[in-house]
Amino acid sequence: MKPPKPPTPQKIPTIKPQPTSPIPPPTPPINPKTPTHLNPIKPSIPPSKTQKNLTPKFSHIHPLQPLQPWQTLNISPSELSLPLTFPTGQTFTWKQTSPFQFTGPINSHLISLKHDINGCDQSSPFSYLIHHSPNPLQAKASLYDFLNLTISLNDLFKSFSESDSRFAQLAPHLAGARVLRQDPIECLFQFLCSSNNNIGRITKMVGFLSSLGEFLGTVGDFDFYEFPSLERLSMVSEAQLREAGFGYRAKYIVGAVKALQSKPGGGAEWLSSLRGLELHEVVDALCTLPGVGPKVAACIALFSLDQHHAIPVDTHVWQIATRYITPELAGARLTPALCSRVAEAFVGKYGKYAGWAQTVLFIGELPSQKALLPSHLCSIKETKTKSTRKRKLGKLEVSIQFLSDSS
DNA sequence: CGGTAACCTGGGAT
DNA sequence: AATCCCAGGTTAC
């Protein structure tokens, strides 16, 4: 039994600009001589081992005065599942703030979404609460945009199920798994943190970056910040990031900020302007940024740049593909060339919104979700060491087979 | 141009 | 207990 935690464990006093005024460019508040003073990551996550899964019992009691009461969202559960959308690796800034509630920043709004499973109208069980907003009238529009609600998940699922019987089997268990439409800057820096990394540490790193932004409020045990602008991000040094535990990704962050700031019209505008381009142009442009390769580029493209058929090919997707879509690649290793093969195969199978299908299938592969699926739909994940060994041994053979296949 | 090793870190498996 | 392996990869050789 432990006493209630202090509400603001995460703090970067040397970095945080004045809360109310815009950042004064001539006098950046960072003292580069004292990077060791910076130690925000550790306190951000309590040291106990069992903290993560336990949702606070009274997290609905928060110190913020809500601007307005809860308001209904006109969305059905088949169009949105909170647990299949927020904690599944497309955003790391939203947190579960009670059993059926998630909270996160959308630009400078801080919003909670709640699924009321006891409500009278189960066709429209969601409501939202604006904790903080410079313009509450605009918050709803921002929320709808963020949730990508102009796209009908029902229609997509229907279409995917027609193209793929396995998807049809999976679909009922993964209804409401939605692709968000995030801010491109926020999305970029989140996925810069993701390379060769695990969810827990990515979350900590993103928490660090976030805390460079304007403080928005506290909900449950979590502090929320507006994701920092490039200008604010530029105030943190590589040394500070390394000190904070970013490892080699520290130079990616610093480098990407610089590269973006050198773009005509400013990096944020440059990034957003990619929304109108073709996927290959978007990916090429993103890959010019340090730390952005094909995988990260696809994530940014899909999760923030309206590239609905971008396919981030990671190890999970690779597993799915070799099992169900391109079995001829089974046993081969994940190389860039094969990644694009897999991506093409996904688009061939699911079409224009293949990225959404990929997201659903990816979620189905997550250990947390697998537990909820009927066993016959679960892929057999035997002892890892064995399959890895086999894969390595069979690599040459399979590559040859693949080459002869495609010629 | 395709294949490989190195890269930071921390948690879990061996 | 020490080591290995892996995690939503990218880069440099």
Side-chain angles (χ1 to χ4, degrees), chain A residues 39 41-42 44-45 47-53 87-92 179 182 187-208 238-256 259 283-284 286-303 310-321 332-343 346 355 358-370 381-389 391-392 395-396 398-400 402-403 406:
Chain A
N39 190 20
I41 284 204
K42 286 193 181 143
S44 74
I45 302 292
S48 80
K49 292 211 163 189
T50 54
Q51 85 285 24
K52 229 24 221 254
N53 302 333
T88 54
Q90 45 175 327
T91 174
F92 300 92
V179 170
Q182 301 181 58
C187 195
L188 165 62
F189 286 97
Q190 289 192 78
F191 284 95
L192 268 184
C193 299
S194 76
S195 81
N196 198 24
N197 205 349
N198 58 68
I199 302 276
R201 199 152 75 102
I202 297 168
T203 303
K204 289 181 194 171
M205 292 179 187
V206 171
F208 177 95
E238 179 179 341
Q240 288 172 311
L241 290 169
R242 278 196 176 261
E243 184 66 24
F246 279 68
Y248 60 83
R249 301 165 199 84
K251 64 178 179 297
Y252 295 166
I253 307 285
V254 173
V283 170
D284 288 349
L286 291 174
C287 286
T288 63
L289 301 171
V292 179
K295 160 67 170 48
V296 169
C299 287
I300 301 164
L302 175 62
F303 298 139
I311 310 291
V313 180
D314 56 36
T315 51
H316 293 289
V317 173
W318 178 247
Q319 297 298 319
I320 296 165
R333 283 183 37 153
L334 202 49
T335 64
L338 293 188
C339 281
S340 48
R341 284 279 175 179
V342 169
F346 265 84
Q358 175 274 343
T359 298
V360 174
L361 295 173
F362 172 80
I363 292 169
E365 286 295 305
L366 293 177
S368 54
Q369 296 305 324
K370 264 185 169 166
K381 216 164 207 179
E382 297 292 332
T383 59
K384 262 189 183 168
T385 50
K386 217 189 283 179
S387 59
T388 313
R389 232 171 257 154
R391 197 181 313 154
K392 280 179 181 164
K395 176 179 85 176
L396 185 60
V398 174
S399 308
I400 292 168
F402 171 64
L403 284 175
S406 63

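Lettering follows sequence order; numbering is per chain, from 1. What's counted below: heavy atoms across the whole structure, side chains too, no hydrogens, waters or symmetry copies.
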Grab the [atom1]-[atom2] distance between [X] and [N] for me, whole Å please.
X: M205(A); N: dG9(C); atom1: CE; atom2: P; answer: 13 Å
X: I199(A); N: dA7(C); atom1: CD1; atom2: C1'; answer: 9 Å
X: W318(A); N: dG8(C); atom1: CH2; atom2: C1'; answer: 15 Å
X: E243(A); N: dT9(B); atom1: CD; atom2: P; answer: 10 Å
X: F189(A); N: dG9(C); atom1: CZ; atom2: P; answer: 19 Å
X: L192(A); N: dG9(C); atom1: CG; atom2: P; answer: 13 Å
X: L286(A); N: dT10(C); atom1: CG; atom2: P; answer: 11 Å
X: N198(A); N: dG9(C); atom1: CG; atom2: P; answer: 10 Å

### Message
Test of understanding: with side chain to side chain donor-acceptor pair (under 3.5 Å), list the residues that count as partners of D314(A), not counting sequence neighbours.
### Response
none
### Task
Among L289(A), L192(A), L188(A), V283(A), find the one that has a side chain to side chain contact (heavy atoms under 4.5 Å, CB included) with I300(A).
L188(A)
Under 4.0 angstrom, heavy atoms only, what part of the nucleic acid is [X] near: base, sugar-phosphate, or nothing?
X: Q190(A); result: nothing
X: T88(A); result: base
X: F362(A); result: base

Kindly give the heavy-atom pair with the smallest separation between [X] and [Y], and that separation in Å.
X: Y252(A); Y: S195(A); answer: CE1-OG, 4.1 Å
X: N197(A); Y: M205(A); answer: ND2-CE, 3.4 Å
X: F346(A); Y: I311(A); answer: CB-CD1, 3.7 Å
X: G89(A); Y: F191(A); answer: O-CZ, 3.4 Å
X: G255(A); Y: P290(A); answer: C-CG, 3.3 Å
X: L302(A); Y: P312(A); answer: CD2-CD, 4.0 Å

For [Y], is there any backbone N or O sitting under 3.5 Å from a side-chain donor or acceptor partner on [X]?
X: Q358(A); Y: V317(A); result: no
X: R249(A); Y: F246(A); result: yes
X: Q182(A); Y: Q90(A); result: yes

Strictly under 3.5 Å: I want the nitrogen or oxygen pairs between protein and nucleotides 11-13 of chain C, one per line.
unit_1  : atom_1 : unit_2  : atom_2 : d
dT11(C) : OP1    : G291(A) : N      : 2.9

Which whole number of Å gives the distance between the [atom1] atom of [N] and that of [M]?
N: dC6(C); M: dA5(B); atom1: P; answer: 15 Å
N: dC8(B); M: dC13(C); atom1: P; answer: 14 Å
N: dG8(C); M: dA13(B); atom1: P; answer: 15 Å

Let's see if you can work this out: which of [options] has an atom nearest to the side-chain heavy atoms of [X]?
X: N196(A); options: dG10(B), dG9(C), dG8(C); value: dG9(C)
X: K295(A); options: dG3(B), dT9(B), dT10(C); value: dT10(C)
X: Q358(A); options: dT9(B), dG9(C), dG8(C); value: dG8(C)
X: R242(A); options: dT10(C), dG3(B), dC8(B); value: dC8(B)
X: K204(A); options: dC8(B), dG8(C), dG11(B); value: dG11(B)
X: R201(A); options: dT9(B), dG9(C), dG8(C); value: dT9(B)

## Note on the structure
Pairs under 3.5 Å (Watson-Crick or G-U), crossing ones as [ ], inter-strand ones as |: DNA chain C comes out as .||||||.|||||
### Query
With respect to the phosphate group of dT10(C), does any side-chain polar atom (N or O) of R249(A) fall under 4.0 Å of OP1 or OP2?
no
